[in-house]
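Quick notes on the structure that follows.
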Amino acid sequence: ALQLGPRKKPRSTDPLVHHGRHFGRAIHALCNIHALINNGIIRMGERSEEPEDAFTPQELREHSIFLALLKSVPGLEERLMSSESEDEIHALAAYLQKGASSARSDDTKSLKSAIVDCLTPPGEPLIPPIARNVKTGRGFHHEITGGLLCPAGVDWADKEIKEKLATGELTVAGDQWPIFLYASYQYDESDPWKGLLHSSLVIKAFKHIFTSPSSVDKEAKATRSGNARIHGMTRVTPASIAYSATQARFALSSSSVFNRSDTVTDSERFYNSILELLDEPEEAVEVDSLLSWWNQQIFPNYAANSRPVTANSALAKIKAKR
DNA sequence: CATTTTGAACCGTCAGAGTC
DNA sequence: GACTCTGACGGTTCAAAATG
């Protein structure tokens with residue numbers, strides 16, 4: 001019989017890819033998910049009898065990420081438990097990794113041009129102009145992007161410093177935080193928390209990624225739902241803030257390839273250094289107020305007196321929508 | 001109800017870096 | 001030099017909502 005053209009194969013991708021996207025954006029962006037899962041399973045299994053202090057702080061941190069992964073991906077725990085071979089588990093991890101990676105590259109791609117709008121004053125001209133789809137000329141080669149990327153405490157106005165940053169004679173490590181993280185792009189040496197992670201640029205990057213690109217400067221004229229809604233996200237997470245800042249930082253830079261183990265951009269260290277601060281127990285008070293400020297900015301309708309959203313209440317909302 | 005707008009997800013291709 | 005792996009990039013598909 002005749003085959004009338006290529007049948008649209010349904011071949012829907014595994015839902016794990018979809019959840020992997022959210023995991024990367026909001027829970028942990030730069031990690032080897034296969035290792036995360038393997039180590040997590042071992043700790044849940046054969047090492048479960050060991051006392052807490054048998055684990056390094058590193059391992060404990062990894063384990064809490066693993067638990068967050070299980071919690072955020074419905075059905076994952078069951079699928080892992082019913083896996084019978086190493087290969088099967090590897091395949092599940094690969095789906096998640098694929099989601100996280102493609103979400104990240106989609107975000108870098110879309111922020112690459114969108115960031116230009118954030119830098120352009122509403123008035124009109126950006127001088128000198130920045131190309132929307134090309135990165136050369138950004139970073140320390142440009143007055144504006146260079147000024148934003150310049151580490152807090154380093155004087156961008158100093159001609160010599162400017163020169164050395166441009167040539168690469170002076171390099172900036174990931175844990176030297178750029179001035180664009182601070183509100184009004186001002187750093188107060190006597191109060192390092194002042195304005196930290198309160199900048200409009202990071203907020204804009206966050207909105208672009210999580211709410212929707214159009215919600216950045218307009219009142220969300222939402223048509224299609226954004227990432228936060230799709231994944232039932234109603235509160236910001238420390239990782240989602242770090243992720244937005246990392247994406248913004250990369251968009252400002254002149255590097256064209258996002259590579260977490262590249263020492264020039266040093267994105268992984270930057271990301272982790274922010275996460276580390278936000279996880280620091282001694283900073284809990286400051287971090288709490290930072291998070292509630294963010295929630296107020298991003299999710300005003302959920303802020304304050306709303307109960308934490310449980311899986312059940314989220315489900316109820318979804319059902320009510322239908 | 002048809003059209004338009006919006007944005008997430010996806011696809012095929014390509015180039016750079018590393019490996020054998 | 002052939003091969004592989006990763007991510008960028010342009011373009012496309014699909015669904016939801018607004019608009020006509």
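Throughout, protein chains are lettered first and strands after them, A, B, ... in sequence-line order, and every chain is numbered starting at 1.
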Inset, instruction - Look at atom CD of A:Glu78 and say whether more than 12 heavy atoms of other residues, nucleotides or ligands are closer to it than 6.0 Å. - result: yes
Inset, instruction - May I have all residue pairs that pass salt bridge (charged side-chain N to carboxylate O under 4.0 Å, His left out) and include part of residues 18-29 of chain A, sequence neighbours excluded? - result: A:Arg21-A:Asp106, A:Arg25-A:Asp107
Legend entry - A:Arg229 CZ - C:dA16 P separation (whole Å): 13 Å
Inset, instruction - Using a cut-off of strictly less than 4.0 Å between a heavy atom of the residue and any atom of DNA chain C, enumerate the qualifying residues of residues 239-252 of chain A by number. - result: none
Inset, instruction - Compute the centroid of each ring, for A:Phe206 and then for A:Trp294, and state whether the two points are separated by less than 6.0 Å. - result: yes
Collect all protein-nucleotide pairs involving nucleotides 5-7 of chain C in which both atoms are nitrogen or oxygen and the distance is under 3.5 Å.
residue, atom, partner, partner atom, Å
C:dG7, OP1, A:Arg104, NH2, 2.8

Legend entry - Heavy-atom closest pair, residues A:Ala152 and A:Tyr182: CB-CE1, 3.9 Å
Inset, instruction - Kindly compute the distance separating CD1 (A:Ile203) from CD1 (A:Ile298), expressed to the nearest 0.5 Å. - result: 4.5 Å
Inset, instruction - List the atom of A:Leu275, the atom of A:Ala239, and the distance in Å for their closest heavy-atom pair. - result: CD2-CA, 3.6 Å
Legend entry - Euclidean distance, atom NE2 of residue A:His208 to atom C1' of B:dG7 [Å, nearest integer]: 10 Å
Inset, instruction - Enumerate the residue pairs fulfilling ring pair (Phe, Tyr, Trp, His ring centres under 6.0 Å) with a member in residues 24-49 of chain A, sequence neighbours excluded, ordered by first and then second residue. - result: A:His28-A:Tyr271, A:His34-A:His90
Legend entry - Protein-nucleotide distance (A:Tyr95, atom OH; B:dA9, atom P), rounded to Å: 17 Å
Legend entry - Length of the CG-P vector between A:Asn227 and C:dA15, whole Å: 17 Å
Legend entry - Closest approach of A:Gly139 to A:Leu149 (non-hydrogen atoms, all atoms of both residues): CA-CD1, 3.7 Å
Inset, instruction - Look only at the side chain of A:Ser102 and the backbone of A:Lys98, and say whether a donor-acceptor pair between them is shorter than 3.5 Å. - result: yes
Legend entry - Atom-to-atom span, CG of A:Asp106 to C1' of B:dA9 - whole angstrom: 7 Å
Inset, instruction - Quickly work out the A:Ile209 CD1 to B:dA9 C1' distance and round it to whole Å. - result: 16 Å
Inset, instruction - Please work out which residues in residues 17-36 of chain A have a non-hydrogen atom less than 4.0 Å from an atom of DNA chain C and list them by number. - result: none
Inset, instruction - Starting at atom CD1 of A:Ile230, determine the distance to atom P of C:dA17, rounded to an integer number of angstrom. - result: 11 Å
Legend entry - 5' priority, DNA chain B, between A:Lys98 and A:Phe210 [closest heavy atom]: A:Phe210
Legend entry - Whichever hydrophobic residues join A:Ile42 through chains of side-chain contacts under 4.5 Å: none
Inset, instruction - Would you verify whether the NZ or CZ of A:Arg249 falls within 45 degrees of the ring axis of A:Phe270 while also being under 6.0 Å from that six-membered ring's centre? - result: yes
